[in-house]
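To keep things clear, I will list the structure first and then write my remarks on it.
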Amino acid sequence: MSAVLFDVPGPKARTRNVYLNTVTVIVVVGIIGFILFRFYESGQFTAQKWEIFTFPRVQEMFLTVIGTTLKAFAVAAVGSLVLGIILAFGRLAEAKWLSLPCYWFTELFRAVPLLILMMIMYYGLPSVGVKGITPFIAVVVGLILYNGSVLAEVFRAGIASLPKGQREAGLAIGLSNGQVLRTILLPQAVRAMLPVIIAQLVVIMKDTALGSLITYNEILYYATFLGSQGQYGSPVVPGLMVAAVIYVGLCLILSGVARYTEFKMSSRVKVVKAKAGIAG
Amino acid sequence: MNVLLDNSQLFIDGFKNTGILFIFSAFFSLILGTIVAGMRVSPAPAMRAAGTFYVNSVRNTPLTLILAFFALGYPKLGLPEISFMNAAIVGLSLYTATYVSEAIRSGINTVSVGQSEAARAIGLPFMQTLTLIVLPQAFRSVVPPLFSVFIALLKNTTVAAGFSVLEAGSIRATLSDLGEPLLPGLLWVALIFVLLVLGILSPLQRYLEKKWKVAR
Amino acid sequence: MTNPAHAPALVELKAVNKHYGALHVLQEINLEVAKGEVLVVIGPSGSGKSTLCRTINRLETIDTGSITIDGKELPKEGKQLANLRADVGMVFQSFNLFAHKTILENVTLGPIKVKGMSKPDADKLALSLLERVGVGHQAAKLPAQLSGGQQQRVAIARALAMKPKVMLFDEPTSALDPEMINEVLDVMVELAKEGMTMVVVTHEMGFARKAADRVIFMADGQIVEEATPEEFFTNPQTPRAKDFLSKILTNG
Amino acid sequence: MTNPAHAPALVELKAVNKHYGALHVLQEINLEVAKGEVLVVIGPSGSGKSTLCRTINRLETIDTGSITIDGKELPKEGKQLANLRADVGMVFQSFNLFAHKTILENVTLGPIKVKGMSKPDADKLALSLLERVGVGHQAAKLPAQLSGGQQQRVAIARALAMKPKVMLFDEPTSALDPEMINEVLDVMVELAKEGMTMVVVTHEMGFARKAADRVIFMADGQIVEEATPEEFFTNPQTPRAKDFLSKILTNG
Amino acid sequence: GGGDTAGGGSDGGGGDAAGLSFEVAKDVALTGSPTFDKIKSAGKIRIGVKEDQPGLGFLDAATGERSGFDIEIARWMAASLGVAADKIDFKAIPSANREAALANGDVDLYVGTYSINDKRKKLVDFAGPYFITGQGLLVAKDNTTITSEKDLDGKKVCSATGSTPFQNIKDNFPKADAISFDIYTKCVEALTSGTVDAVTTDQAILLGYASQNPDKLKVVGEPFTVENYGVGLPLGDTALRTFLNTTLTDGNATWTKIFDATLGKSGTKVEQPKVDQY
Ligand SMILES: Nc1ncnc2c1ncn2[C@@H]1O[C@H](COP(=O)(O)OP(=O)(O)OP(=O)(O)O)[C@@H](O)[C@H]1O
Ligand SMILES: Nc1ncnc2c1ncn2[C@@H]1O[C@H](COP(=O)(O)OP(=O)(O)OP(=O)(O)O)[C@@H](O)[C@H]1O
Ligand SMILES: [Mg+2]
Ligand SMILES: [Mg+2]
């Protein structure tokens, strides 16, 4: 990775690295230690503030709100991928009447803050008489419009980054433009862009937390609610800590699953190799 | 139009604070992000690990939560008191710095290995290889993604609305209390963001991108 | 222009012009390729060889003039254009195998999707073609697992699977390691012997001498010279051709 | 191993071994290059030619064995390593000119930053070198504005500007269009005549015949054969060399 | 729209924290009220409440019990309509969504520190008022510098973003430093960690917080505005409004019982306000 920059370290460089390593470890441990110590000093780790997390009802509720977060994530993720592919195809179309609106659509929805988009859905539309906009709908539609536009750009860039020859080779054997796009370009673009797509999925997961600001009852909303529990010492900071751990955990699991898929895809090469070994 | 004109002071104050949040956060995240990027390409494994840990943990945490920590957790650290505006700036900077560092790091990686090998082959030591050859070229491929990061930052400032910074994102709450029509109000907010992004930042990004593409 | 094979023209370019902005890449090109003829196109970099090749299956459009294949004008778009392209095989300098599909899938894709062939039939056809170009036992691998020479031979098989009337080769060996060039040229010589109509952009004199019926030399978008390989290499007529040959013949 | 030039060895590799994971890319390599000698390295793709070349200025480290230049062991790092590298010029297959600097700046960078030469002196030196490789009038352009052949000649000038004791060339012409190969080879032949010590990885027989003192043939990380160019090309000893030569010599 | 209950769906109705029970009316005769017709055919009532305001509308996260003055008022109203306590679906609705929730029919009634004002009267109807309060101040127990709204100069005063009390501070106390969070809980948290000097909103709400944490917090001064809490109902359902107003007017004893069992525990004595049949 950093082979771009560095020579293989010699003995002196190795000594210097040991020194740098030590300093880094001391600084990092120092910072984390200080934060934990101060939280401890200011009573954030008292039994009273953490007692609430021991109640089965609270634990169940955490499972429930993880569920609502995942529900919003799953629907938004699928919706964004679908919208992204449709918009990307639209933008790549030769017909201007199709590609231009798709272009403006993606530009527009990437320019509006997601929170404002959710507010327009949730507060704005009902104020002019649109009925049935639940927080779930506002969160999911907002996420889809925004991330679909972002993913459209990702797919388009992925297709554009493929060697020109791939498209030409497809055309040269008589495939139509649409066939080339579907069977040759898109599968390769998805593969090439998989890390970016995964990063965007993690963004969707994180952005479900914006739902808490428009009263969607997800993890952060519930964690904040627990802060109102005065009889348990108003555990605001502990609530945030628990929420942070859950979010980081969910995002890491998501990245892990995605990496596994990526590995599976690339290990197709190995499977193929093995098969070829038997055949040849 | 009425909502905008009747509440012009509200919109002006809101977007002024959005601007302050944006400019300071952009500045600090650029500095911090560069340092973290440096750590992540450093030859010392612990520095790389620390940089990676920071980026991975912060990038996987919702911004809303990070800002909440700064508004509510920071006062418990016993450090000098800071205003909520500054707390929001710190939170936004820490969050955005992870994206800045990734943009810079991937920019460094776009410079072909051959460039630094050629530099080393004529006898340039590490620092000069970095400063004379790699960074100047990396910079060109860093600027476009960096702009995207800053566009995201501009939009992310709205999240600070929940944390005692009266910026564009909090205009809704005030309008709502004033009994003003909400949809037009929100659409105005959206429109102003669209103008800021599509009217200023994106063209600037395209301009720089083009300028440096030619120079290459 | 003369047509040494005296057979009816399969590919015919008449007064073809093409610009890239101010650059006049193809200037009044007239060219006929007879059925079964092997034409080698030679010339310095940027002279328009690739462009010429690519106009013949309309990967590039032309500004004026006409191009006909088997007497029919090139269709402008849609299904007809796709069908025309299926009739014109093309082999690229950079192989361009579909990176996400196996060797076998690369070859069967066209027959299945374009000709509507059944999968078993397509597999049989593909395997026989892969066998013919000498990579039959690699059918299950992905392109990246093959050497450049093998990839290029697969690309030839892929084009042949469409049963094309004419094959275009754009510098098919110039991206290859030297020791792999001949394995590709051998396949091409074989093809030429079997009577395939071929247009080949190449600097490989060995191939031209062995297989070409005619050589054309291009410079600055024009066909400057046209001759049999023997004539051309031993006795070029124009100064430009002489200069070019002197540059490429002294090495090796 | 014999040293046909019988001069004191400028570059000396003793029992050099290198692995990439399980792959043993360099196996017990012993090699001497005398002052003023021109050594051509030849061999199939993946045989370790580039790796050999790159170990000589420590762009790659070695596992065991020793490499000395002018009698001094290769330094491990730091200033000494940088100085050693300034003494060993290197020319890459892909030119690797600094894309953001002008041709002149590409050449003057080393003399100014490494040797501490003044800018006017460096400019003068650079211009004379650029003149010598035939691109003097391009000094103000950026690399992307030059043809491949011109870029590679600038890369040679850049290496020469450091007044190296030995020059390494790793397939310097294999990324070039055929008509540009000779303009680069001519510069290299010139250099050889002037007595530069050179290690050249190449498949250009013309150059080897004209300029090489000695040819080594590598396969699978070993030096399999070693001879004068005449001996090697007309009468290779090992079956591997014979096979390899038969593959690359029939074309062209 | 409307948020689901943070404390665990809508099963919180069974709990009876304050130990109160209301006589469930039988054979309620109420015609011309579409809301009531809906309640009757569904066999249950949906009531929007707050759940993060101790003493008023509060949900105990550990037990799932709802408690507070507003909650009891809601149960009383339900009982008067013939709906038993276990047939009440409580839904937590934040302030910003109250009008929409009533307009969309997500809830039948809303009982949660809902101030009656002309602006809102255009969007919803109000029964009541059932309680009168006004803007007050919550400060740290050991704070001696702030005793009333006159001491706010240069002080950090926290309230909910965009709320009326917040606007009031900004407009009428320009020398005070107005701070805002999306919810009061965060303001109270900032107060206990000393980041702000005072929290301001309806005194009834502040009393709830003070009673939850009497060692650290206290309410100071007198209310300096007037807020009338009403029961929100869908706009135009005059029959229901009249019915609930009658219940309130006739039920002074019940009202007093509710007050004594909730807000009155702190010792304050307040009279039931007269309903305003506008
Ligand atoms: N898409 C394009 N847009 C603009 N100019 C182009 C384009 N494609 C090719 N050209 C220019 O047209 C000229 C002819 O290109 P072409 O690729 O046909 O040459 P060629 O003879 O095949 O050269 P080579 O041997 O390098 O492949 C060149 O100057 C090239 O730069
Ligand atoms: N950084 C690396 N990591 C792992 N394997 C490598 C690395 N560099 C080279 N190799 C492998 O080492 C072997 C020798 O490579 P090398 O580049 O020296 O061969 P070469 O003789 O120069 O071949 P070519 O003619 O293709 O340039 C090859 O099998 C190559 O794949
Ligand atoms: Mg070409
Ligand atoms: Mg090599």
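The structure presented is a predicted model; accordingly, all values stated were derived computationally and were not measured. Just so we're on the same page: letters track the sequence lines, and every chain starts at 1.
Of the two parts of Y146(A), only the side chain, counted from C-beta on, holds a non-hydrogen atom closer than 4.5 Å to a non-hydrogen atom of chain B. Residue contact with chain B, scored on non-hydrogen atoms closer than 4.5 Å, involves the side chain of L213(A) exclusively. For L125(A), the parts lying near chain B are the backbone and the side chain together; criterion is any non-hydrogen pair under 4.5 Å. Neither the backbone nor the side chain of E41(A) has a heavy atom closer than 4.5 Å to any heavy atom of chain B. Only the side chain of L220(A) comes within contact range of chain B, judged by heavy atoms closer than 4.5 Å. Looking at F126(B), only its side chain comes within 4.5 Å of chain A, counting heavy atoms on both sides. Only the side chain of V236(A) comes within contact range of chain B, with at least one heavy atom under 4.5 Å from a heavy atom of that chain. Contact annotation for V28(A): only side-chain heavy atoms (C-beta onward) come within less than 4.5 Å of a heavy atom of chain B.
Remark: M39(B) CE to T24(A) OG1 distance equals 6.0 Å, nearest 0.5 Å. Here the straight-line distance linking atom CZ of F193(B) with atom CG of L117(A) works out to 12.0 Å at 0.5 Å rounding. A distance of 7.0 Å separates CD1 in I120(A) from CG in L183(B), rounded to the nearest 0.5 Å. Remark: N21(A) CG to S42(B) OG distance equals 7.5 Å, nearest 0.5 Å. Interatomic distance, I116(A) CD1 to L186(B) CG, rounded to the nearest 0.5 Å: 6.5 Å. We find the OG1-CD1 distance between T61(B) and I246(A) to be 12.0 Å, quoted to the nearest 0.5 Å.
Other residues, nucleotides and ligands contribute over 12 non-hydrogen atoms within 6.0 Å of the CZ atom of F34(A). In F53(A), the CZ atom is crowded: over 12 heavy atoms of neighbouring residues, nucleotides or ligands sit closer than 6.0 Å. More than 12 heavy atoms of other residues, nucleotides or ligands lie within 6.0 Å of CZ in F45(A), so this atom counts as buried by the packing criterion.
In terms of heavy-atom pairs under 4.5 angstrom with chain B, the leader among S255(A), A199(A), G249(A), P113(A) is P113(A). With chain B as the partner, the residue from S42(A), A244(A), G124(A) showing the most heavy-atom pairs under 4.5 Å is G124(A). Ranked by heavy-atom pairs under 4.5 Å with chain B, the list R110(A), R16(A), R14(A), M205(A) is led by R110(A).
Under the 4.5 Å side-chain criterion, counting only non-hydrogen atoms from C-beta, L240(A) is in contact with F69(B). Taking 4.5 Å as the limit, every side-chain heavy atom of D207(A) sits out of range of all side-chain heavy atoms of P62(B). In this structure the side chain of Y247(A) reaches within 4.5 angstrom of the side chain of L65(B), judged on heavy atoms.
Below 4.5 Å, heavy atoms of chain A meet heavy atoms from V194(B), V197(B), L198(B), R206(B), all part of residues 194-207 of chain B.
Annotation: side-chain hydrogen bond (donor to acceptor under 3.5 Å, both in side chains) contacts of K206(A) (sequence neighbours excluded): Y95(B), Y99(B).
Between V112(A) and A190(B) the shortest heavy-atom distance is CG1-CB, 3.9 Å. Scanning both residues, T64(B) and S212(A), for their nearest heavy atoms gives CG2-OG, 4.3 Å.
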